[in-house]
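Right, one structure below, let's go through it.
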Amino acid sequence: MHPIPQTLAGQEPVPRMSWLIVALGVITAIGPLSIDMYLPAFNDISESLGSDMVHVQYSLTTYFIGLSLGQLFYGPIADRFGRKRPLQFGMCLYIAASIGCAFATNIETLVFMRCLQALGAAAGAVITRAMVRDRFSPNHAARVFSLLIMIMGVAPILAPLLGGFITVHFGWRAIFWFLVFVSTSCFIVSLRLPETREPHLRLKSLSFTSVMVTYGKIIRNRHFLGYSLISAMAMAGMFTYITSSPFVLMVLNGIDKKHFGWFFGANALGFVIASQFNARVLTKISYNKVLLLATAAQFLCGIIMLLSQ
């Protein structure tokens, strides 16, 4: 919502801020961990809570709903109160909800706690990006985001493998205790993060009307809307795969939960490789051409998958 602060942008070269990049990457990775780590445990969860796979999948759907709604709120809040306090609030909410997931005795409680968990994780998704924007110039920010994507991309590769191992040896509830440990560690790290929002960029009003007016201006921006729709469609395809993969791979194709992570992680590995390839290509080709080629490739692959059924 604000221009990049000139007093901060470009002051810190990327190498000197490597500790900050790693810290933000780990905090951001909580989202992929929360989504992917418990996928191999769907069968165990349904049996333990006396439910079926469809209702267990609702816990993933409500997570996406909470994640989407949370991002709408944390942006204005972080502009008003700074980056650290909303981030720490989100971490605390995430920790409490993860404990609730671990103690869930029925599917309704798990679904509700997953929504709260996502509302907490949304803080990391939004505010870490805002901190990069605050601290780095546009050129450095592009490099930093590529590094963050690489760090985030490791999480979907390791999460199902780790989740399958934990489920087999310790039970599905131990997955959420592991997430409690990770998020508590991230909260401790957040205490040492700098406040990156410049005081003169503080949002003056947090009223519903002013926030909606700002969002209205953003939505009416044709460039923003076009890029957002392209990104949304791409992410929708990816999350559709994530939601249905436990049922398709484990139930329909009989893949063991110990091996589920290898099949799922192959997609995450492609995501990491593509992000790093994208960073290199952008030095030679305009981002609009890259976006056009990537969108066309995705469309073609989708048609091929549809026809192969």
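As the structure is a computational prediction, the values presented were derived from the model and not from experiment.
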If every non-hydrogen atom of [X] is compared with every non-hydrogen atom of [Y], which pair is closest and at what distance?
{"X": "G90", "Y": "A123", "result": "CA-CB, 3.8 Å"}
{"X": "S190", "Y": "L87", "result": "CB-CD2, 4.2 Å"}
{"X": "P40", "Y": "P160", "result": "CG-O, 3.3 Å"}
{"X": "A78", "Y": "I127", "result": "CB-CG1, 4.1 Å"}
{"X": "R197", "Y": "G82", "result": "NH1-N, 3.0 Å"}
{"X": "N43", "Y": "M53", "result": "OD1-SD, 3.4 Å"}

Exercise. Answer with yes or no whether the side chains of S46 and S51 bring together a donor and an acceptor at under 3.5 Å.
Key: no
Quiz item: Are T167 and Y38 linked by a side-chain donor-acceptor pair shorter than 3.5 Å?
Solution: no
Working to the nearest 0.5 angstrom, can you tell me the gap between [X] [atom1] and [Y] [atom2]?
{"X": "L116", "Y": "T62", "atom1": "CG", "atom2": "OG1", "value": "9.5 Å"}
{"X": "W172", "Y": "I45", "atom1": "CH2", "atom2": "CD1", "value": "5.5 Å"}
{"X": "I30", "Y": "M37", "atom1": "CD1", "atom2": "CE", "value": "12.0 Å"}
{"X": "L191", "Y": "M91", "atom1": "CG", "atom2": "CE", "value": "11.5 Å"}
{"X": "M131", "Y": "E195", "atom1": "CE", "atom2": "CD", "value": "6.5 Å"}
{"X": "D44", "Y": "E47", "atom1": "CG", "atom2": "CD", "value": "6.0 Å"}

Given the rule that I, L, V, M, F, W and Y join up when any side-chain heavy atoms are under 4.5 Å apart, are [X] and [Y] in one cluster?
{"X": "I219", "Y": "Y74", "answer": "no"}
{"X": "I230", "Y": "M233", "answer": "no"}
{"X": "L93", "Y": "I188", "answer": "no"}
{"X": "Y94", "Y": "F181", "answer": "yes"}

Just by distance, do the side chain of [X] and the backbone of [Y] share a donor-acceptor pair under 3.5 Å?
{"X": "T128", "Y": "G124", "result": "yes"}
{"X": "Q71", "Y": "A125", "result": "no"}
{"X": "T109", "Y": "T105", "result": "no"}
{"X": "T295", "Y": "L292", "result": "no"}

If you define the side chain from C-beta out and look only at heavy atoms, does anything of [X] sit under 4.5 Å from [Y]?
{"X": "F178", "Y": "L162", "result": "yes"}
{"X": "L225", "Y": "R220", "result": "no"}
{"X": "V189", "Y": "V26", "result": "no"}
{"X": "L49", "Y": "N106", "result": "no"}
{"X": "S98", "Y": "W177", "result": "no"}
{"X": "C115", "Y": "Y63", "result": "no"}
{"X": "I303", "Y": "F299", "result": "yes"}
{"X": "I27", "Y": "L193", "result": "yes"}

Quiz item: Is the shortest distance from a Lys or Arg side-chain nitrogen in R83 or D134 to a carboxylate oxygen in the other one below 4.0 Å?
Solution: yes
Quiz prompt | Worked check of side-chain contact (heavy atoms from CB on, under 4.5 Å) between F64 and I35 | solution = CA-CA 9 Å; F64 291 143; I35 295 170; 3.7 Å; yes
Quiz item: Taking atom NE2 of H169 as the centre, does the number of heavy atoms from other residues, nucleotides or ligands within less than 6.0 Å exceed 12?
Solution: yes
Exercise. Decide if atom CZ of F112 counts as having more than 12 heavy atoms of other residues, nucleotides or ligands within a radius under 6.0 Å.
Key: no
Quiz item: What do the steps show when you test Q117 against R114 for side chain to side chain donor-acceptor pair (under 3.5 Å), and what is the final call?
Solution: CA-CA 5 Å; Q117 193 182 42; R114 285 285 289 171; 2.7 Å; yes
Quiz prompt | side-chain contact (heavy atoms from CB on, under 4.5 Å) partners of L293, counting only residues at least two apart | solution = none
Quiz item: Going through the checks in order, is the side-chain contact (heavy atoms from CB on, under 4.5 Å) test met by L119 and L67?
Solution: CA-CA 6 Å; L119 289 173; L67 191 65; over 6 Å; no
Quiz item: How far apart are the C-alpha atoms of V168 and F165, what are their side-chain angles, what is the distance that settles it, and do they pass the side-chain contact (heavy atoms from CB on, under 4.5 Å) test?
Solution: CA-CA 5 Å; V168 170; F165 175 83; over 6 Å; no
Quiz item: Please walk me through it: do R173 and C101 pass side-chain contact (heavy atoms from CB on, under 4.5 Å)?
Solution: CA-CA 8 Å; R173 296 181 189 275; C101 290; over 6 Å; no
